[in-house]
Structures are given as structure tokens and as C-alpha cells.
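Read through the structure below, which is laid out as C-alpha cells, and then see the notes.
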There are 2 protein chains.
Amino acid sequence: MRYKIRSMVGRGQVEEQVKAPKGRGRPRSFDRATALEKALMAFWEHGYEATSVSDLTRIMGIGAPSLYAAFGDKRTLFEEVVRVYADTHGAFVGRALAEEPTARAAVERTLREAAVAYTDPAHPYGCLVVHAATNCTSPEIEELLRERRNRNIAALASRIRADVAAGRLPAGTDATTLARHTGAMIQGMSQQARDGASREELEALAEIATAIWPRD
Amino acid sequence: MRYKIRSMVGRGQVEEQVKAPKGRGRPRSFDRATALEKALMAFWEHGYEATSVSDLTRIMGIGAPSLYAAFGDKRTLFEEVVRVYADTHGAFVGRALAEEPTARAAVERTLREAAVAYTDPAHPYGCLVVHAATNCTSPEIEELLRERRNRNIAALASRIRADVAAGRLPAGTDATTLARHTGAMIQGMSQQARDGASREELEALAEIATAIWPRD
DNA sequence: ATTTTTATGTAACGACCGATAGATAACTCA
DNA sequence: TGAGTTATCTATCGGTCGTTACATAAAAAT
């Protein structure tokens with residue numbers, strides 16, 4: 001067990017580095033958060049299995065023992081990467097859900113922002129949670145992201161149900177299907193981005209996708 | 001270079017096996033088509049990279065030299081698997097496109113049949129072309145399926161454009177986006193199936209997805 | 001019956017996988 | 001200064017990857 005350093009990124013102010021908890025032995029020669037971000041990019045682009053430990057050590061600029069000391073094994077590193085991704089690059093979904101007044105507005109904004117995020121040339125295309133653990137030798141890793149995907153859809157469904165209960169959507173509205181449709185659109189858009197679709201094309205997709213919502 | 005046996009399946013009548021071209025040496029001790037189908041299932045379930053050659057030899061019930069003699073290397077085997085898949089399990093898209101009178105009807109039928117096919121317990125869930133080559137070490141394999149996906153969308157787009165030209169769809173219809181939307185839905189449904197969605201859930205998805213088509 | 005051709009089984013190849021042992025370096029604390 | 005602690009470097013571990021050499025087996029051709 002190894003002490004946690006706050007890997008908070010883009011989460012309010014940066015609160016200028018607690019100078020590392022002044023440990024006792026030889027100080028780490030690399031910035032942990034920076035190395036973690038490099039690992040994130042690698043996993044994002046190539047997925048869990050296709051990113052080897054030697055890929056990681058090369059990209060992160062550290063030796064294998066340093067990686068294992070700082071992050072545990074490959075699987076633990078990946079789990080941390082997924083957590084960081086969800087709190088940063090993948091946070092726009094939860095933000096829309098929390099900030100928009102209606103489920104419909106939240107979904108529209110989510111799809112619109114997904115079109116931008118998934119085609120941003122500053123990082124790999126598409127969504128890490130959607131793509132980084134398909135065709136995996138270890139079922140636990142696959143399950144890790146599958147649960148995250150299904151949890152997102154479930155959260156969206158309950159948000160929609162709340163709107164139905166509040167009369168903001170027609171009484172007969174199928175919240176589950178509507179939520180699943182949004183999930184499918186996000187996954188489809190992510191794949192399209194990986195297959196070369198442009199931001200404009202995904203935005204057009206996002207726009208017509210909301211036509212399925214019940215007329216109010 | 002190795003002679004081709006017609007691996008046509010479900011393509012009109014079966015025309016009862018040409019008895020194998022009566023080769024000269026020791027006859028093959030296994031049925032090539034059967035072994036190929038086993039390989040197809042394995043690749044379908046686990047993807048290209050996560051299916052090792054020793055997995056394949058075990059599942060196909062043959063030794064490695066037999067596999068290499070009959071199918072070339074792993075990559076060539078996969079390419080043949082993809083071709084067989086497209087002509088059989090994945091043929092329903094092209095069938096709908098060829099048989100239905102309008103693009104809209106073709107898409108509706110495609111999505112409806114995808115809901116059934118992607119959750120059929122007789123084989124792995126989802127679509128091989130969508131999932132079997134994500135997170136791949138070799139870019140060529142990824143490209144192989146990516147091209148197939150984009151080709152399908154392009155074919156659909158041109159079908160839609162034909163309907164627009166024939167006045168079966170409004171003049172301003174964005175055929176490209178409509179086609180891409182169908183592609184995204186198929187990919188999303190495939191992922192949903194892999195994530196545990198039921199046939200009924202995917203059918204509900206397919207039904208509401210067609211609401212985006214222009215009212216005629 | 002011998003030769004030729006093709007397939008099969010055994011066993012191994014080099015390359016890479018994830019992970020670690022052991023020696024050494026760089027820091028804090030007494 | 002020395003003892004204790006932690007990180008890094010080099011080198012390597014056993015395992016698996018895709019692939020193939022080699023000897024043998026089973027058929028057709030001569």
C-alpha cells in the first residue's frame with residue numbers, strides 16, 4: 001500500500017503542489033502526475049492490452065521499477081488512469097447532467113460537447129471508457145469499463161425519470177430506452193471519431209439525434 | 001499460394017461439396033469450413049489480438065502446422081474470417097439495402113434485424129466488424145475493419161441520395177449525416193449488446209432511432 | 001513397389017510480455 | 001558522520017506470443 005498524491009487536474013484551482021509530503025528516502029526523479037498523464041494518453045490511444053509496460057516506461061520516461069513503485073502493477077495504473085480520465089476528459093457528461101435544468105438539455109449538451117471532445121486533435125480520438133478495454137484478455141479490466149458505461153446510462157435514466165415525474169416530460173416516456181439511446185449515440189460517435197469523422201460531422205449527428213425526444 | 005475452396009455458406013443452394021479437388025498428397029484430416037467457423041467464433045468473441053494461435057489450434061482441433069498450411073498465418077486467417085462473416089452473419093445489412101423499396105425501410109429493417117442478431121445467444125454478442133479489431137497492435141488489421149465500416153456507411157449514403165433524387169425523400173435531406181447516424185446506431189447497439197442489453201431493449205432502441213428521418 | 005506430394009505431430013525458435021532481484025544512489029534523521 | 005529509508009539502474013526471470021524445422025504418415029502417380 002502506497003500513499004496517495006492528489007492527482008487532481010483541472011478541478012478548481014491547482015493549489016500549488018504540497019511540495020510532496022516530504023518523504024524520507026531518495027526523492028522521486030519524475031513528476032508523478034505528468035507521468036500519469038502520459039500513461040493516460042497511451043492507454044487512450046492504444047487500449048489496455050496493446051499498450052505494453054515497455055511502451056509505458058518509454059513514453060513516461062522512467063524505468064520499469066520506478067513505474068511499479070509509483071503506480072503498482074499495470075492493471076492498477078490503468079485503474080488510476082480511468083479514474084483520472086473520468087474526472088477530467090470524461091467529466092463533461094456529469095457536468096451537463098448537474099448543470100442543465102432538464103434531462104433533455106443535458107443530453108443535447110452532452111452530445112454537442114462529445115462531438116468536440118472526441119475529435120479534439122490535442123488527444124486521441126473518441127472515448128477512453130468506450131474503447132480502451134475491448135478485446136481484453138482479462139475479463140476484470142473489460143468489466144471495469146463496462147460497469148462505468150452502464151452506470152452512466154443508469155444515471156442518465158434516473159435523471160430522465162425525475163423529469164418525467166416532475167412533468168417536464170410526457171407521462172408515458174420510456175426513460176430507460178431514452179437513456180440507452182443516448183449511450184448508444186455516445187458510443188457510436190466515439191467509434192465514428194476513431195474512424196475518421198470530423199467535428200462537424202459529429203455535430204450534425206448530435207443535432208439530429210435529439211429529434212427522438214418526445215415533443216413537449 | 002494455396003488453392004481456394006468455395007467457403008460459400010447460406011448463398012443459394014449448397015451444391016453438395018465438389019468432393020475436394022482430389023489433391024495428391026495426404027488428405028486433410030479436418031473439415032476446413034468447420035475449422036474456419038470455429039476460428040470465426042473465437043475472433044468474434046475475443047477479437048483479433050486477444051485470440052492467440054494456441055487458442056485457435058485448441059478450438060479448431062488442429063495443430064499449428066495444419067493451421068498455417070490451410071489458412072496461411074494468423075492475419076490471413078483473420079481476413080478470411082472477416083470475409084466469411086460479412087457474407088453470412090453480417091449479410092443482413094446488404095440484404096435489407098437490396099430488397100427494401102426505400103432507404104428508410106432498409107434502415108428500419110437493418111436496425112430491427114441488428115437487434116435480433118446482436119443478442120442471438122447462438123453466437124457472440126454484437127458485430128465482429130465493429131469489435132474484433134479495436135486496440136490492435138497492427139494498424140493494418142484495424143484499418144481492414146475500419147474500411148469495411150466506412151464502406152458500409154458510404155453505401156448507405158448513396159442509397160439515401162438515390163431516394164432523395166427520386167423524390168422519395170425531401171430535397172434538403174442530409175444523406176451523409178443520415179447514413180452516419182445509422183452507422184453510429186449500429187455501432188452503439190453492438191456495444192450495448194456486448195454490455196448486456198437484451199433483444200427487447202435493442203428493439204426499442206431501433207424503433208425510436210428511426211424517428212429522426214424526415215417526415216414525408 | 002517406389003517415388004512424389006501433401007498433412008500431421010513434436011519440439012523448438014527468437015521476440016516480447018509483465019514483473020522483480022539485487023546493487024547502488026540520493027535523500028532525512030539521529 | 002553514520003543509520004535508515006526510498007528511488008533508480010541493470011539485468012533477468014518465467015511465460016506466452018506467432019511461427020517454423022524436422023521427421024513421420026498417408027494419400028496419388030509412376
Side-chain angles (χ1 to χ4, degrees), chain A residues 1-5 18-36 39 42-43 46-81 133 135-138 140-141, chain B residues 1-5 19-36 39 42-43 46-81 133 135-141:
Chain A
M1 192 54 60
R2 181 160 311 285
Y3 62 83
K4 276 286 161 55
I5 299 194
V18 197
K19 228 25 175 226
K22 59 196 294 276
R24 294 220 302 166
R26 173 174 176 173
R28 189 174 283 131
S29 67
F30 62 93
D31 183 66
R32 194 180 185 278
T34 303
L36 188 56
F43 279 133
H46 300 109
Y48 177 74
E49 292 230 329
T51 306
S52 70
V53 172
S54 73
D55 287 337
L56 290 168
T57 58
R58 191 185 63 253
I59 292 171
M60 299 164 87
I62 62 180
S66 298
L67 188 153
Y68 280 84
F71 300 102
D73 59 7
K74 185 188 175 186
R75 180 196 162 138
T76 309
L77 169 58
F78 181 72
E79 289 171 357
E80 185 170 354
V81 158
N135 302 146
C136 223
T137 303
S138 108
E140 302 93 9
I141 299 284
Chain B
M1 191 55 60
R2 192 157 299 290
Y3 60 84
K4 276 287 163 51
I5 299 195
K19 231 17 175 234
K22 59 195 294 281
R24 293 222 302 167
R26 175 175 176 173
R28 190 174 282 131
S29 66
F30 61 93
D31 183 66
R32 194 179 185 280
T34 304
L36 188 57
F43 279 133
H46 303 292
Y48 176 73
E49 294 230 330
T51 306
S52 70
V53 172
S54 73
D55 286 338
L56 290 168
T57 57
R58 193 186 60 252
I59 292 172
M60 300 164 86
I62 62 179
S66 297
L67 189 154
Y68 279 82
F71 300 101
D73 59 6
K74 186 188 175 186
R75 181 196 162 139
T76 310
L77 169 57
F78 181 73
E79 290 172 356
E80 184 170 355
V81 158
N135 303 146
C136 225
T137 302
S138 111
E140 301 93 10
I141 298 284

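Everything quoted here is computed from the prediction, not taken from an experiment.
Within 4.0 Å of A:T57, counting heavy atoms only, lies no atom of the nucleic acid at all. Using a 4.0 Å heavy-atom criterion, one finds that A:T51 contacts the sugar-phosphate atoms exclusively. Nucleic acid contact for A:V53: sugar-phosphate only, since backbone atoms but no base atoms lie under 4.0 Å from a heavy atom of the residue.
In this structure, A:D55 atom CG and C:dC16 atom P are separated by 11 Å, rounded to whole Å. One atom, CD of B:E49, and another, P of C:dC16, lie 14 Å apart when rounded to the nearest Å. If you take CZ of A:R32 and P of D:dA7, they are 11 Å apart, rounded to a whole angstrom. Rounded to an integer number of Å, the gap from NZ of A:K74 to C1' of C:dC16 is 12 Å.
For C:dT8, the OP1/OP2 oxygens have a side-chain nitrogen or oxygen of B:S29 closer than 4.0 Å. Note on B:S52: a side-chain N or O is less than 4.0 Å away from OP1 or OP2 of D:dC17. Contact check, A:S54 against C:dC17: a side-chain N or O comes under 4.0 Å of OP1 or OP2.
Of all heavy-atom pairs between B:D55 and B:A50, the closest is OD2-O, 3.6 Å. Residues B:T57 and B:G63 approach most closely at CG2-C, 3.9 Å, considering heavy atoms.
Ring geometry, B:F78 versus B:F43: the interplanar angle exceeds 60°, so the pair is classed perpendicular (tilted spans 30 to 60°).
Panel note: side chain B:E49, backbone B:T137; a donor-acceptor pair is recorded below 3.5 Å.
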Distances for protein N or O near nucleotides 22-27 of chain D N or O, under 3.5 Å:
unit_1	atom_1	unit_2	atom_2	d
D:dA25	N3	B:R26	NH1	3.3

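Note: A:L67 CG to A:I62 CD1 = 4.5 Å, rounded to the nearest 0.5 Å.
B:R32 forms no cation-pi arrangement with B:F30, by the criterion of a distance under 6.0 Å to the ring centre and an angle within 45° of the ring axis.
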